[in-house]
Amino acid sequence: MESILFYLFAVLMLGSAVMTVTSRSAVAAAVWLVFCFVNAAGVFALLSAPFLAILQILIYAGAIMVLFLFVIMMLQGPVLPDERERRPWSRIAVLVLPPASAAVILIAWLARGGVTAFSGAQPAVRGTAEAVAELLLNRYLLAFELISVVLLVAIVGAMALGRRKEELPWK
Amino acid sequence: MELVVSSLLKIAFLLTVILGLVPVLIWAERKGSAFIQDRTGPNRASVLGIRLGGLVHPIADVMKLLFKEDFRPENAHRFLYALAPFLVFFIALLTYAVIPFGDFIRIGGVEYQLVVADLNVGILYVLAIASLGTYGVVMGGWASNNKYAFLGAVRSTSQMISYEISMGLSIIGLMLIFSSLRLTDIVAGQGGAIWNWGFAMQPLGAILFIVAVFAETNRNPFDLPEGESELVSGYHLEYSSMKFALFFMAEYTNMVIGAALITTLFFGGWNIPWLTRSVIEGHAGTILPVHLVIQAVVMGLISLLFFRRAARERDKFGDARDREPGFMGVVTALMALGAAGSFALKPWAIGVDAASIYATLLQVGAFVGKVVFFCWVFIWVRWTLPRFRYDQLMGLGWKVMLPLALANVVLTAIWLAIV
Amino acid sequence: MTATKKAHPYGGKMTFWERTYLPEVFRGMGITIKHVIHNLLHTSEMPTVQYPEEHRSYSPRFRGRHRLMQRDDGSPRCVACMMCSTACPADCIHIVAGEHPDPAIEKFPETFDIDLLRCVYCGLCEEACPCDAIRMDTGIYEIAGTTREEFFVSKEFLLNNKSDGTEV
Amino acid sequence: MVKVTIDGRELEFPEGTSLFDACREARGEALPHFCYHPDLSVAGVCRLCQVEVEGMPKLTIACNTGVREGMVVHTRNERVKTAARQILEMHLINHPVDCPICDQAGECGLQDQYMNHGLYESEVDKDDKVHKAKAEVIGPHVILDKERCVLCSRCVRFCDEVTGTGEMGIFNRGDRAEIGIAPGKELANNYSLNTVDICPVGALTSRDFRFKKRVWLLKSTASICPGCATGCNVRVDHEAGRIFRLKPRYNKEVNGRWMCDIGRMTYRGVHSEKRLDGPMLRGDGDLAPVSWSDLHTFLAERQVGLWISSPAQTLEEQALLAALGEQARTSGGVSTAGRGDGDDLLLHGDRTPNRTGLEWTDLQQHDPASLVALVRETSGAVVVHGGDPAETAPGFLAAVGGRALIFLGTHANATSKAATVVVPMSVWAEKDGLFVNKDGRVQAVRRAVARPEQAVEDWRFLVDLWSAAGCADAPAGLPALRRWLAERVPALNDLDLNALPAGGLAPATAPAGAGGDE
């Protein structure tokens, strides 16, 4: 059951990743990328990391990609029929890339020892909320806080750059 | 296999309740707004003269929408245009998976949890799915290739992102108090006295959450994405037929989710104050007869009212509609008789298993009742408050609700550390 | 102190509770639910008019669809002076005048058409008419049709538009 | 010069000026009047223009009084006003006051005087009125309503003094006095509609215009009558693209205040059913509608050998045609066409408005035989702009033979029926242009109504042809065209044709400030 789901998610994830790259329309590409993220979340959930899975959807699919899509849609109008035809190279990419990636997966799979390597693998740490909290808020608290300071610096910098020049408080 | 069957049954139950609630809510919206504005509201559509106070109208609406022309604007993005309404509706339904609508039901000695998926990150799941809801709206708005629809989508997106943050932060206090992300734990923690309910422990969080839920569902006073006066009707402007109906139903489905979440997180979920499961099971022989008597008396009174009206308005319309009060009187009288007649089954001598099921039913009923009440609150608020201006909306979201939610988190944490 | 505060309900500084808006929100919800309950208990007092079955009565001065007055012999009282079409701000009255076969009547409308879709029901034609030939006292306000042509009504139609509201 | 004080203003007038004219000048508006008319003798019957002259015991009528040195006149005092009001009341005793059905309403002297000077409640019972004949047909153009008449006798004097026919008179006495036609006669002279113009009330109305339109809805455009070489100044009264009547426009040098009935009816041709309504090309035997682009292609392929204009075209069009024909032969059309009987008043024997223009633009007219000969001499297509040479010059079509006959015209006629190409043009009321009358006076016709959808403005079409034929500096726009015209025609060399006075100009006698509106 779990391995069926895993392969389902994996194939969908790879397929949507290919579609992301080959889509002519930036909006369609973004939508495919969201689908890719959702499938990645599925894989995370199968790997006993529900917290990570939910955060993948909540943050990447739900927040970041929405903003991306938002900006893309603002900048790009709908694709007109005459723009929809594909370029020859993209057709080649569609033909070549899926088999290539399938081959890579196959090689990796064989190298790791077949089906059991994936379905039977249990991570050392279970990805529940408690486990993540233990790691972030106890063991690596300092690093976690430092990273938040770095992010704060980034936010302040973005705000400073985003302001109009004459309004800069120190000028 | 048993897991699959029981899950399917639970899903079927939830879908029945929710999809059944949608037309009722549409009716309540129309009738409620009418009564608030001193109008009669819908009362025309009838089946053999039976109008059920306008409840036939949603059915007629569905028939109308089914048979309407399903057009697609020129230069719309074919795929996304078709996908958007399904996505909106699908995502709206997904959230129900983690909402516990009852404690458990014991059948044949086996206890079944009354929740489809009891995730240990249930609250986060709710938030994650809710954040995906934006996609349907933004896709629909963009793929329609209409500037008003797109503006509606843009507004919706920014509004949802803004209020999602306050929404997430407003329930962190609750998570801290119940020290769980699992919704069943949170509901179970609210059992017993009414001051155990979330809104009593987290009054600020409750208000913030309710406001944020209103904003997330795009309901008045936060219905700027629809903004009839400036955006024609917002992101679903170019949709017709069942595609439009899906958007419309998704709005009401979201409303039911919102009500269910408010109930689950802050109003005790399926809990009945003081009447815990053990109390109900222990005194089922008293509670059930009282329950039946109340039901019989209330239904009897209602049927009397209908009969009185039937006598008074014998020839009001001169057509099939004149038979309606009499029919309703007969139906309600039968319900009263049914309640009275069940005394023949000796409800005071109820068995242990039956008492357990009765307790479950009461709890599920309490949950549904609370959800329906909060749905009515959605409608009630919509027809009371005016719409926000866009800058006011953003100001409220970022400058008022976000700091308040953060303060709520900090204060709750400090309080928990002290206690 | 409180009295002076109340004197400026929309000005001055708001108190903390006023700034949360919550009391006013609940007050507003109280008002609306009061309406709901009152209307639920008094359905028969609802001011709604059940339109096709019931009609609201209009003042006799209500300007409905036009009619042309008849002489005793049924011919139009109108003398085709065009005062109405001159006065008409919507330019909706179209008259073609002609010589009447009866020498006692000099001028009469060969055609007298009103474009009801253009008409603004201002009543200036009534006031301009020197012969009291056009009136808007039919009380007919349900003017419906499926084509534009149906609203372009002729002299014959207008002559048979009765003041009691009956139509042709 | 004599000094007169009118309403406190001291003014000087030449001796012999009537007090009426003096008062008009002093007041800025005429005294109330019905019978007085500047072009007719003084009758003094309406008694409305009474003024107070100091030293005279009673009020006196201004129209029949000459100015004298030292006269002190009051025209606005209470006594004069009361007199006017009382006289008006007398006039209205037997007047039916049927303004709503009266065609004169809106331009009625009685209405105007009543609004300006009367404004009283009538003391006469409606049923006491003396009734007289109504709607009596007294001539081919005029209808008489005796009830409405105020017996000003203008029409009688017109028929006596201007036309000299004397059909009309006042019959009976007292309140039974009425205007009528002399027994056995009818008002059939060619100037009968002028009686309608001068009738201050609705007693005489035009049969042609009767009930067609209320006058206040009409819009007026100053133009020139195209009916004959006299070139009477007219006012084209039109509404919503339709002309309803022509009225004379005062021009002392040309027509004074009159015009003839024949001229008044010329507007009928504008809305004739015979108007050409689209470009047509002869395909397989029959004329069939053709698109403008196909038409231009056809014209571009043809070498034109002969350009024939007509005296009905404007000066600009004739000059353009002459310019187009410089590489080929030109003609002014058939010299015998458009001839009729004239009279010694206004109607000219030459029933075309612009034969002088042909002379000025060097387009020689030909008699029928020489025109046919000219056609035979030339080779290539023949262009006919206006006129009907096929009808007026027998043998014309035979002479054209199998060559292309290009007809630029307004109405279907023998030439258009035989033409290879028919281009619908505009009539005089649909375009701007200049006519030169028999005395060499240049006068402007102005566009009053829209031309049929498919028709073109003649000069634009000719300019386009000229540009297509290779003229790089063909004038674009009417002002440029007129500047070009002034350069080309010697008689016009010193004139600014874009600023013609309302009464036109007569360059032969040097620009004189003659004419002008009344």
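Model, not experiment: these values are computed from the prediction.
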Around atom [atom1] of [X], are there more than 12 heavy atoms of other residues, nucleotides or ligands at under 6.0 Å?
X: D/D277; atom1: CG; value: no
X: D/K219; atom1: NZ; value: yes
X: C/Y58; atom1: OH; value: yes
X: D/E29; atom1: CD; value: yes
X: C/D72; atom1: CG; value: no

Work out which heavy atom in [X] is nearest to a heavy atom in [Y]; give both atom names and the distance.
X: D/F211; Y: C/A97; value: O-CB, 3.6 Å
X: D/P100; Y: C/P130; value: CG-CG, 3.7 Å
X: D/D98; Y: C/E106; value: OD2-OE1, 4.2 Å

Exercise. How long is the gap from CZ on D/R214 to SG on C/C81, to the nearest 0.5 Å?
Worked result: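 D/R214 CZ to C/C81 SG: 6.5 Å, rounded to 0.5 Å.
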Exercise. Could you give the distance from SG (C/C131) to CD1 (D/I101), rounded to the nearest 0.5 Å?
Worked result: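 Separation between the atoms: 8.5 Å.
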Problem set entry | Stepwise salt bridge (Lys or Arg N to Asp or Glu O under 4.0 Å) test for D/R207 and C/E99 | CA-CA 11 Å; D/R207 289 175 76 183; C/E99 200 101 29; over 6 Å; no
For this session: Assess whether salt bridge (Lys or Arg N to Asp or Glu O under 4.0 Å) is satisfied between D/K212 and C/E110, documenting all intermediate values.
Result: CA-CA 11 Å; D/K212 292 286 188 306; C/E110 277 176 6; over 6 Å; no
